[in-house]
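Basis for what follows: all heavy atoms, side chains included, without hydrogens, waters or symmetry-related copies. Throughout, residue positions are numbered sequentially from 1 according to the sequence presented.
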Amino acid sequence: MRLFHVSEESDITLFEPRIPSRVDMDQSKGLVWAINEQCLPNFLTPRNCPRVTYHSHETTTDEHKKLYLSSNSLDHVVAIEHKWFEIMRETTLYLYEFDTVDFYGTDKSAGYYVSEKTQIPINKIIVHDLFGELIRRNVEVRMIDNLWDLNDKIATTSFNWSMCRMGFAAQRKESV
């Protein structure tokens, strides 16, 4: 297993544990966050880019695959809003890889791992072409005008899913 921290900052040499901003987590201990390689595509976007991501796993139903995947050769989707296309084309990301020894999983379906110890990256990978990297990883990139319908539908499926930075998404469209 490989673990990464994704950043737009190019010069991080040390990751210090920080108190989680999530209120559902223990606020008494700092954590260094990482993502596993399977879920890494969920973070190959600009930091504040809202996105709906999902991928199939052993219990994803054939019905859901037929409804939400565009091809039998794909099992991972990252959907972003049209307005983020140019920003994503112009963003460079830095993938800081960690030794996995001090990390433990916190959310298997989202691929989240944490460490309570300071971490020094063992590798740094520079990604200049985010769309190209997603395609190389066999991920479908969807460009849509509004994420909320997809967000609501995917949350009820058998996929592993993650909705990130939805506070930056366009407002929900009113039903007519």
Side-chain angles (χ1 to χ4, degrees), residues 1-22 24-62 64-65 68-69 71-80 88 91-142 154-155 157-166:
M1 175 180 63
R2 296 174 76 188
L3 294 177
F4 299 90
H5 181 92
V6 181
S7 180
E8 292 180 29
E9 295 179 37
S10 64
D11 58 351
I12 304 173
T13 57
L14 192 69
F15 288 82
E16 296 282 352
R18 295 181 184 177
I19 299 297
S21 57
R22 289 177 40 181
D24 63 324
M25 299 194 73
D26 183 352
Q27 301 291 302
S28 68
K29 59 183 169 189
L31 302 170
V32 173
W33 286 82
I35 189 80
N36 68 17
E37 192 165 25
Q38 180 183 18
C39 296
L40 180 62
N42 300 350
F43 293 88
L44 295 177
T45 68
R47 176 176 173 79
N48 288 330
C49 177
R51 56 214 180 258
V52 173
T53 69
Y54 55 97
H55 63 274
S56 55
H57 57 97
E58 61 277 353
T59 61
T60 304
T61 67
D62 288 340
H64 287 155
K65 289 178 186 178
Y68 296 104
L69 297 175
S71 167
N72 290 333
S73 65
L74 297 168
D75 70 352
H76 201 135
V77 174
V78 172
I80 67 171
M88 191 156 156
T91 298
T92 296
L93 291 178
Y94 303 88
L95 313 181
Y96 294 94
E97 186 172 1
F98 296 122
D99 183 331
T100 61
V101 70
D102 294 325
F103 284 86
Y104 57 92
T106 62
D107 185 334
K108 182 181 178 186
S109 69
Y112 297 150
Y113 287 77
V114 294
S115 171
E116 297 171 29
K117 297 180 180 178
T118 298
Q119 297 294 318
I120 297 172
I122 60 171
N123 189 20
K124 178 173 77 173
I125 301 164
I126 302 170
V127 181
H128 295 291
D129 178 2
L130 303 183
F131 288 111
E133 184 67 15
L134 286 165
I135 291 165
R136 186 182 74 71
R137 292 175 177 274
N138 203 35
V139 174
E140 178 182 354
V141 180
R142 289 196 186 159
I154 292 300
T157 69
S158 57
F159 287 103
N160 280 346
W161 50 264
S162 181
M163 286 61 163
C164 302
R165 300 291 184 176
M166 294 300 285

Taking all non-hydrogen atoms of both residues into account, name the closest pair between [X] and [Y] and its distance.
X      : Y      : answer
Val6   : Leu93  : CG1-CD1, 3.8 Å
Gly132 : Asp129 : N-OD1, 2.8 Å
Val32  : Phe103 : O-CE2, 3.6 Å
Leu31  : Glu116 : CD2-CG, 3.7 Å
Ser109 : Cys39  : O-SG, 3.8 Å

Practice problem: For the pair Val78 and Thr45, evaluate side-chain contact (heavy atoms from CB on, under 4.5 Å) and give the outcome as yes or no after the intermediate values. | Solution: CA-CA 9 Å; Val78 172; Thr45 68; 4.2 Å; yes

Could you give the distance from [atom1] ([X]) to [atom2] ([Y]), rounded to the nearest 0.5 Å?
X      : Y      : atom1 : atom2 : answer
Thr91  : Leu130 : OG1   : CG    : 6.0 Å
Asn36  : Asn42  : CG    : CG    : 9.0 Å
Leu40  : His76  : CG    : NE2   : 9.0 Å
Ile125 : Glu133 : CD1   : CD    : 8.0 Å
Phe98  : Ile120 : CZ    : CD1   : 10.5 Å
Asn123 : Leu95  : CG    : CG    : 9.0 Å

Exercise. Can you sort out the partners of Asp102 under salt bridge (charged side-chain N to carboxylate O under 4.0 Å, His left out), two or more places apart, ordered by chain and number?
Key: Lys117

Practice problem: Can you sort out the partners of Lys108 under salt bridge (charged side-chain N to carboxylate O under 4.0 Å, His left out), two or more places apart, ordered by chain and number? | Solution: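 Checked Lys108 against salt bridge (charged side-chain N to carboxylate O under 4.0 Å, His left out); zero matches.
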
Quiz item: Listed by chain and number, what are the side-chain contact (heavy atoms from CB on, under 4.5 Å) partners of Asp75, not counting sequence neighbours?
Solution: Ser56

Quiz prompt | Any residue meeting side-chain contact (heavy atoms from CB on, under 4.5 Å) with Cys164, in chain and number order, not counting sequence neighbours | solution = Phe43, Arg51, Ser162

[X]: what forms a side chain to side chain donor-acceptor pair (under 3.5 Å) with it, not counting sequence neighbours?
X      : value
Asp99  : none
His64  : Thr61, Ser158
Asn72  : none
Thr100 : none

Quiz prompt | Tyr68/Thr157 under side-chain contact (heavy atoms from CB on, under 4.5 Å): CA gap, chis, key distance, verdict | solution = CA-CA 9 Å; Tyr68 296 104; Thr157 69; 3.7 Å; yes

Practice problem: Apply ring pair (Phe, Tyr, Trp, His ring centres under 6.0 Å) to Phe4 and list each qualifying residue two or more places apart in sequence or on a separate chain. | Solution: none

Self-check item: Test side-chain contact (heavy atoms from CB on, under 4.5 Å) applied to Phe159 and Thr53, step by step
Solution: CA-CA 10 Å; Phe159 287 103; Thr53 69; over 6 Å; no

Donor-acceptor pairs under 3.5 angstrom involving side-chain atoms of residues 7-21: please list them, not counting sequence neighbours.
unit_1: Ser7; atom_1: OG; unit_2: Glu9; atom_2: N; d: 2.8
unit_1: Glu8; atom_1: OE2; unit_2: Arg47; atom_2: N; d: 2.7
unit_1: Glu16; atom_1: OE1; unit_2: Thr118; atom_2: OG1; d: 2.9

Exercise. Hey, could you give me each pair passing ring pair (Phe, Tyr, Trp, His ring centres under 6.0 Å) that has a residue in residues 104-130? Not counting sequence neighbours.
Key: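 Sorted pair list: Trp33-Tyr112.
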
Quiz item: Could you go step by step and tell me if Leu3 and Ile35 meet the side-chain contact (heavy atoms from CB on, under 4.5 Å) rule?
Solution: CA-CA 5 Å; Leu3 294 177; Ile35 189 80; over 6 Å; no

Quiz item: Within the side chain of Gln27, is there an N or O that forms a donor-acceptor pair under 3.5 Å with the backbone of Met25?
Solution: yes

Exercise. Output every pair passing salt bridge (Lys or Arg N to Asp or Glu O under 4.0 Å) with a member in residues 35-46, not counting sequence neighbours, ordered by first then second residue.
Key: Arg2-Glu37, Glu37-Arg137

Exercise. Show your reasoning for whether side chain to side chain donor-acceptor pair (under 3.5 Å) applies to His57 and Thr59.
Key: CA-CA 6 Å; His57 57 97; Thr59 61; 3.2 Å; yes

